[in-house]
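Below is one structure, written out as structure tokens; the observations come after it.
Only heavy atoms go into these numbers, but all of them, side chains included; no hydrogens, no water, no symmetry mates.
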Amino acid sequence: MSDTAVEEVELKARAARSAAPALATAGVAATNSALLEIAAALAENSEAILAANALDIERARGNGLSESMIEGLTLNDKRIHARQEGLTA
């Protein structure tokens, strides 16, 4: 993973950690709204997500990650759709 990607992941992890207390006390309506927004973002960005995942998988293979681990990490339209459904169920 490039330094830029690592920095981006770390930034998002810090943002998630900062948001955790507010999310823990958010009401049902706010939580449901956030989940619907996440599902919509998955739909809107699925092509970019799949492209980034393909690069990640290529790097994983290059680094010798086992095929069973790679299979678990590989995204496709069906897997993204399943995650969307899980968020909206």
Side-chain angles (χ1 to χ4, degrees):
M1 191 179 309
S2 71
D3 289 342
T4 303
V6 169
E7 290 170 6
E8 185 175 339
V9 168
E10 289 174 347
L11 179 66
K12 290 182 185 214
R14 282 192 295 277
R17 193 174 304 125
S18 296
L23 290 172
T25 60
V28 172
T31 302
N32 288 343
S33 178
L35 292 173
L36 291 174
E37 288 182 33
I38 293 168
L42 281 174
E44 292 170 18
N45 297 291
S46 63
E47 288 183 27
I49 292 167
L50 291 171
N53 183 249
L55 293 174
D56 290 342
I57 297 305
E58 184 179 315
R59 283 190 213 107
R61 281 198 174 99
N63 289 329
L65 195 65
S66 71
E67 283 301 314
S68 61
M69 290 290 290
I70 289 172
E71 171 57 29
L73 297 172
T74 301
L75 294 175
N76 56 37
D77 288 328
K78 183 178 178 181
R79 287 181 173 178
I80 289 177
H81 184 72
R83 283 165 176 78
Q84 287 173 273
E85 285 188 349
L87 290 165
T88 59

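Closest of all the heavy-atom pairs between Ala39 and Gln84 is O-NE2, 3.4 Å. The nearest pair of heavy atoms linking Ala26 to Ala30 is CB-CB, 4.1 Å.
In terms of modelled atom types and a separation under 3.5 Å, the side chain of Ser33 and the main chain of Ala29 share no donor-acceptor contact. One N or O on the side chain of Asn53 and one on the backbone of Leu73 form a donor-acceptor pair closer than 3.5 Å. In this structure, the side chain of Asn63 does not engage the main chain of Leu65 through any donor-acceptor pair within 3.5 Å.
For the atom pair CG of Asn32 and CG of Leu87, the computed distance is 11.0 Å after rounding to the nearest 0.5 Å. One distance of note links CZ of Arg59 with CD1 of Ile70; it measures 13.0 Å at 0.5 Å rounding. Taking CD1 of Ile49 as the start and CG of Asp56 as the end, the distance is 11.5 Å to the nearest 0.5 Å. The CZ atom of Arg61 lies 9.0 Å from the CD atom of Glu58; values are rounded to the nearest 0.5 Å. The structure places CD of Glu37 at 10.0 Å from CD of Glu44, a figure rounded to the nearest 0.5 Å. Interatomic distance, Arg83 CZ to Leu75 CG, rounded to the nearest 0.5 Å: 5.5 Å.
Side-chain contact between Thr31 and Leu23: absent, with no pair of heavy atoms (C-beta onward) separated by less than 4.5 Å. For the pair His81 and Leu42, the minimum side-chain heavy-atom distance is 4.5 Å or more.
Taking the charged nitrogens against the carboxylate oxygens, Arg79 and Glu71 do have a contact shorter than 4.0 Å, which makes a salt bridge.
Both Leu35 and Ile80 are part of a single hydrophobic cluster, where members link through side-chain heavy atoms under 4.5 Å apart.
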